[in-house]
Amino acid sequence: MSDTAIRVEKLSKRYRLGARRGGYKTLRDTLTDAVMTPFRAFGTASPRNGDPAGETFWALKDVCFEVGKGEVIGVIGRNGAGKSTLLKILSRITEPTEGYADIRGRIGSLLEVGTGFHPELTGRENIYLNGAILGMRRAEIERKFDEIVAFAEVEKFIDTPVKHYSSGMYLRLAFAVAAHLDPEILLVDEVLAVGDAAFQKKCLGKMGDVVHQGRTVLFVSHDMTAISQLASRCLLLDTGEVAFLGETDDAIREYTGRQVAGGADLALRKDRQGDGVIKIQRASFINSRGEMASSIGSGEPVTIEVQYSSKLNDLDPRDIWLDMTFKDALGHPAATLSTRFNQVILNGSASNEGTLLCHVPSLTLADEVYYLDLWLAYRTGLCDYIQRAVEIHVAPSNYFGTGHAPVKRKHGPALIQHTWSADASRG
């Protein structure tokens, strides 16, 4: 136990959905309940309003794991898998229904970026307020004040009330305060996606510094690239239970393998960038039989169908730039298909809705789960950018006719047709 920072045993959390919460009671109600309590114990009277009814929901169920001192553990899973609930229990924000968590060391939490910020106070005042809420002493805040302001890049506005900040400035300052804590154990919940791309890179670098300082880190993220870079092991949660615990790369492959789908409805996706003049509505993989597919064999033909809608009338699809980048489970690019590489052949008339079809005669990728990043632009600039828009499993096949399939982990993602010859007469 001396080398263990966090030990979780049979941890469970139950919620009651749709339960009616009792209203405030008058003095008369309180006195009446007090008088009736002895009679209820003998079953001679019933409660005034009855027990609040509701469906029982287990956000966590029998979760067990250990984290060693100085170890970095990633926590992944679908929305609603129980990741945030787990971190809230470990942070002592909520109590478990069953089980326990033994934590050894000073703990710091980056769960809700911006919690404790007051809009009427200046950035300077909020640094002291938020730092105190997060457990920093005043002397510690003063010592790190300049570093926090520089990291957040808000020097010019530090004495301006934060209600006048943009959302990006607000989040940058909040993350900067939380990131400069010095706990022995750090719990992080999806805060690496703060601000623009440049600041996200800085956040990732800061987390890397924390890791290299030998602190124990448990962090939740949907960014598989960040998980693979920072975490030594990974915990995969599925419907509140531990689905996998082990090496990070294996955990990510297990997770992405569970998410494979041949098509994705993208109309309601919120995690997108662009001006929205043109929006991607759906993306699908179509096999050689014209069916939506969740798996395609290496070397087989496939059509990628991207449906869009536009605020512009009579939009000519030939004016659209669409890039589709295949990435593996760890976020590494494998190949890019683009309308800039090949001319779009127009079928039908111009409209504010349409479909772009990319025909691939042979999908030359090795056995792996891949996902597509979709990047769409027009004359106005970037219109829509969606990461992990749709996923596909490229299944192994006898691509080279040798009777066995190349493995991506050993040979890389690209399969290239080639032949060999030998000339024994030449030295």
Side-chain angles (χ1 to χ4, degrees), residues 1-19 21 52 54-116 130 133-136 174-175 178-179 181-193 207 210-211 215-223 226-227 230-246 248 251 255:
M1 285 296 295
S2 59
D3 294 328
T4 301
I6 301 174
R7 184 185 178 194
V8 173
E9 286 289 341
K10 297 289 185 179
L11 199 64
S12 301
K13 180 63 178 179
R14 181 182 61 200
Y15 291 100
R16 190 178 297 277
L17 304 179
R21 302 183 65 179
E55 180 185 354
T56 296
F57 168 71
W58 289 93
L60 292 175
K61 188 64 177 176
D62 295 332
V63 173
C64 302
F65 65 93
E66 288 189 7
V67 182
K69 290 184 178 179
E71 192 175 11
V72 182
I73 300 292
V75 182
I76 59 177
R78 300 173 60 182
N79 291 332
K83 305 184 299 296
S84 296
T85 301
L86 173 62
L87 263 59
K88 287 178 180 178
I89 291 176
L90 296 180
S91 300
R92 308 303 194 215
I93 293 174
T94 186
E95 291 290 329
T97 305
E98 297 175 358
Y100 69 92
D102 185 16
I103 300 175
R104 300 195 171 192
R106 179 188 176 191
I107 195 167
S109 303
L110 281 71
L111 304 186
E112 298 287 344
V113 175
T115 299
N130 197 232
I133 291 174
L134 294 174
M136 299 172 70
F175 179 87
L181 289 169
D182 286 328
E184 296 170 277
I185 301 172
L186 183 61
L187 307 179
V188 184
D189 188 1
E190 200 63 74
V191 298
L192 299 182
M207 286 300 303
V210 171
V211 169
R215 299 182 198 171
T216 304
V217 181
L218 195 70
F219 77 104
V220 169
S221 181
H222 289 286
D223 186 341
I227 289 284
L230 298 176
S232 56
R233 287 195 300 146
C234 215
L235 172 69
L236 171 60
L237 292 178
D238 190 358
T239 60
E241 299 181 356
V242 176
F244 186 91
L245 176 61
T248 299
Y255 171 55

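- Between Ser232 atom OG and Glu71 atom CD the span is 4.5 Å, to the nearest 0.5 Å.
- Taking every heavy atom of both residues into account, Ser84 and Asp189 meet most closely at OG-OD2, 2.7 Å.
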Evaluate the side chain to side chain contact (heavy atoms under 4.5 Å, CB included) criterion for residues Lys13 and Thr94: first the C-alpha distance (whole Å), next the side-chain angles of each, then the deciding distance (0.1 Å), finally the verdict. CA-CA 9 Å; Lys13 180 63 178 179; Thr94 186; 3.4 Å; yes
With side chain to side chain contact (heavy atoms under 4.5 Å, CB included) as the test, would you mind laying out the steps for Lys61 and Glu98 before giving the verdict? CA-CA 9 Å; Lys61 188 64 177 176; Glu98 297 175 358; 4.1 Å; yes
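- Taking every heavy atom of both residues into account, Thr56 and Arg16 meet most closely at OG1-NH1, 4.1 Å.
- Nearest heavy-atom pair, Ala81 versus Leu237, reported as atom, atom and distance to 0.1 Å: CB-O, 3.4 Å.
- Ser12 contributes no side-chain N or O that, together with a main-chain N or O of Thr97, makes up a donor-acceptor pair within less than 3.5 Å.
- Between Ile227 and Ile76 there is a side-chain heavy-atom pair separated by less than 4.5 Å.
- Distance alone, capped at 3.5 Å, is enough to place a donor-acceptor pair between the Thr248 side chain and the Ala231 backbone.
- Interatomic distance, CD1 of Ile6 versus CG of Leu187, reported as 5.5 Å (0.5 Å rounding).
- Taken from OH in Tyr100 to CD1 in Ile89, the straight-line distance is 14.5 Å, to the nearest 0.5 Å.
- You'll find the side chain of Val63 stays beyond 4.5 Å of the side chain of Glu241, heavy atoms only.
- Scanning both residues, Ala251 and Cys234, for their nearest heavy atoms gives CB-CB, 3.3 Å.
- To the nearest 0.5 angstrom, Leu60 atom CG is 11.0 Å from Lys83 atom NZ.
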Take Phe219 and Val72, measure what side chain to side chain contact (heavy atoms under 4.5 Å, CB included) needs, and give me the verdict at the end. CA-CA 8 Å; Phe219 77 104; Val72 182; 3.9 Å; yes
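- Side-chain N or O atoms of Thr216 include one that pairs as donor or acceptor with a backbone N or O of Gly70 at under 3.5 Å.
- When side chains are defined from C-beta on, Leu87 counts as touching Leu218, because their heavy atoms get closer than 4.5 Å.
- Once rounded to the nearest 0.5 Å, the distance linking CZ of Phe65 with CG of Leu245 reads 8.0 Å.
- Within the model, atoms CG of Asp3 and NZ of Lys69 stand 7.0 Å from one another, a figure rounded to the nearest 0.5 Å.
- When all heavy atoms of Arg92 and Ala101 are compared, the closest pair comes out as NH2-O, 3.3 Å.
- Contact detail for Gly77 and Leu236: the closest heavy-atom pair is CA-CD1, 3.9 Å.
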Stepwise, does the side chain to side chain contact (heavy atoms under 4.5 Å, CB included) test hold for Leu90 with Ile103? CA-CA 8 Å; Leu90 296 180; Ile103 300 175; 4.2 Å; yes
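- Between Glu66 and Arg7 there is a salt bridge, with a side-chain nitrogen of the basic residue lying less than 4.0 Å from a carboxylate oxygen of the acidic one.
- Salt-bridge annotation for Arg215 and Glu184: absent, with no side-chain N of the basic residue lying under 4.0 Å from a carboxylate O of the acidic one.
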